[in-house]
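Below is one structure, written out as structure tokens, with a few remarks after it.
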Amino acid sequence: MGYIEYLQKTIDYIEENLKGTISIEECAQQAGFSKFHFHRLFGIHLEVTLMEYVRRRRLGYAMLEVMNGRKILDIALDYGYSSERTFSRAFQQEFGQLPSSCRNAGYALPPKPVLQEQINHLRGGIIVNYLSDVTINSLDAMDVVSGVRISSNPEDEVIAAVTGWANNSGIKAGSRQFGFDVPVDDEDQKKGLRGYEYWVVVEKQPEALEPELRYKHVEGCKYAVLRITEPMIDPFERIPLGWKKLAGWVNSKGYKTSCDHERFWLEEKLEVGDSVYMDLYFPIE
């Protein structure tokens, strides 16, 4: 069974438990992944965070119950809202109208995602000149200085902090640097915040670090690797599409995701002459 089947089990579980408590920890356990691995895989294939997906599915089913004439307070409580007021606010943000105005709405609930259909499409559907073929490579163990930011623009903030430290500390030019998304808690997601971690490779543990940075040793790992040419021309299209092609390739080849140890889905930006590239690293066993 490939990882897609395990991830689909989680989507099925969510669909059956929308009126109960759902957490990223529980869903990761359902899929047999670590929290970090589940966060990355879910985001690659669903294009939203877990809790945003759950929120949308709950409100979609709530809309059906509104249309069926059920009492709005009862619907609110069933789907985890503390009051009719908080439910109505969330409902209006999603659909642009209050529940009381939607009794006769012509709404159709989007079907539950079927990831295998998506993967079948990706196998033959992603052929663009800015995405390379997938290769297998390994990264040796490395020592890094790491920073994490949770904000509405975490990438730029944490990259500036880590590279600023590296420049001030005399880290040699050309030292490898990697970044990746990290999960945030439910409250941060509700505020529209995201998480990003960034590394610069160092030769040894620094004697002193700023409070916002930390040193860590990262184990070596085998990766499936894909290169994106000029990713910043359209980063919100090219980078997600690269991850989808890479994940689809890994699943089609039957590789297992490496989840027994702490592994990372890495992004490495490279400048070669006047060209910019980004290598994506998907950890495998």
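- Residue pairs satisfying the side chain to side chain donor-acceptor pair (under 3.5 Å) criterion with at least one member in residues 61-73, sequence neighbours excluded, are listed as follows: Glu15-Tyr61, Lys19-Glu65, Glu65-Arg70, Glu65-Tyr79, Arg70-Asp78.
- Between Tyr281 and Trp265, the distance separating the two ring centers is not shorter than 6.0 angstrom.
- Hydrophobic clustering (ILVMFWY, side-chain heavy atoms < 4.5 Å, transitive): Ile159 and Ile171 are in one cluster.
- Annotation: side chain of Tyr196 is in contact with side chain of Asp181 (closest heavy-atom distance under 4.5 Å).
- Arg56 and Glu52 are joined by a salt bridge, as a carboxylate oxygen and a charged side-chain nitrogen come within less than 4.0 angstrom of each other.
- In this structure, Val48 is a member of the same hydrophobic cluster as Ile14, with clusters built from ILVMFWY side-chain heavy atoms closer than 4.5 Å.
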- Could you go step by step and tell me if Gln30 and Tyr6 meet the side-chain hydrogen bond (donor to acceptor under 3.5 Å, both in side chains) rule? CA-CA 8 Å; Gln30 286 286 328; Tyr6 289 109; over 6 Å; no
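- Following chains of ILVMFWY side-chain contacts shorter than 4.5 Å, one can reach Leu46 starting from Leu50, so the two form part of one hydrophobic cluster.
- Side-chain contact of Glu237 with Tyr130: a donor-acceptor pair under 3.5 Å is present, judged by distance alone.
- If you chain together ILVMFWY residues whose side-chain heavy atoms come under 4.5 Å of each other, Ile150 ends up grouped with Val184, Leu193.
- Side-chain atoms of Leu213 and Val162, non-hydrogen and from C-beta on, do get closer than 4.5 Å to each other.
- More than 12 heavy atoms of other residues, nucleotides or ligands sit less than 6.0 Å from atom CZ of Arg103.
- Within the 6.0 Å centre-distance limit, the rings of Phe180 and Trp199 are counted as a close aromatic pair.
- The side-chain heavy atoms of His37 and Pro283, taken from C-beta on, include a pair separated by under 4.5 Å.
- Counting only distance, with no hydrogens or angles, the side chain of Ser175 and the backbone of Lys172 share a donor-acceptor pair below 3.5 Å.
- Relative to the six-membered ring of Trp243, Arg40 meets both conditions, a distance below 6.0 Å and an angle of at most 45° to the axis.
- Looking only at side-chain heavy atoms (C-beta outward), Ser275 and Thr229 stay at 4.5 Å or farther from each other.
- A donor-acceptor contact shorter than 3.5 Å links the side chain of Lys245 to the backbone of Ser132.
- Looking at heavy atoms from C-beta onward, Tyr223 lies in side-chain contact with Leu139 at the 4.5 angstrom threshold.
- Side-chain contact of Ser151 with Glu157: a donor-acceptor pair under 3.5 Å is present, judged by distance alone.
- Considering CD1 of Ile72 and CZ of Arg85, their distance stands at 15.0 Å, rounded to 0.5 Å.
- A 4.5 Å side-chain heavy-atom check between Leu41 and Phe282 finds at least one atom pair inside the cut-off.
- Rounding to the nearest 0.5 Å places OG of Ser169 at 7.5 Å from CD of Glu210.
- Between Phe264 and Phe178, the ring center distance fails the sub-6.0 Å criterion.
- Judged by distance alone, the side chain of Arg57 and the main-chain N or O of Pro110 form a donor-acceptor pair under 3.5 Å.
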- Item | Candidate pair Glu268 and Arg176, rule salt bridge (Lys or Arg N to Asp or Glu O under 4.0 Å), full reasoning | CA-CA 8 Å; Glu268 182 180 21; Arg176 300 185 76 173; 2.8 Å; yes
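- Distance alone, capped at 3.5 Å, is enough to place a donor-acceptor pair between the Asn168 side chain and the Gly164 backbone.
- Between Arg149 and Glu155, no side-chain nitrogen of the basic residue sits less than 4.0 Å from a carboxylate oxygen of the acidic one, so the salt-bridge criterion is not met.
- Side-chain contact between Leu246 and Val134 is present, with at least one heavy-atom pair separated by less than 4.5 Å.
- Interatomic distance, CD of Glu25 versus OG of Ser34, reported as 11.0 Å (0.5 Å rounding).
- Side-chain contact annotation: Glu267 with Tyr198, donor-acceptor N/O pair under 3.5 Å absent.
- To the nearest 0.5 angstrom, Ile75 atom CD1 is 14.5 Å from Arg58 atom CZ.
- Following chains of ILVMFWY side-chain contacts shorter than 4.5 Å, one can reach Leu226 starting from Val128, so the two form part of one hydrophobic cluster.
- In summary, Arg238 and Glu230 do not engage in a salt bridge, as defined by a charged side-chain N under 4.0 Å from a carboxylate O.
- By the rule that hydrophobic residues join a cluster once side-chain heavy atoms approach within less than 4.5 Å of another member, Val202 and Val158 end up as members of one cluster.
- Between Leu266 and Leu280 the shortest side-chain heavy-atom distance does not fall below 4.5 Å.
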Donor-acceptor list for residues 140-148 side chains, cut-off 3.5 Å, not counting sequence neighbours:
unit_1	atom_1	unit_2	atom_2	d
Asp143	OD1	Tyr215	OH	3.0
Asp143	OD1	His217	ND1	2.8
Ser146	OG	Glu197	OE2	2.6

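- A salt bridge links Lys112 with Asp12; the closest basic N to acidic carboxylate O contact falls under 4.0 Å.
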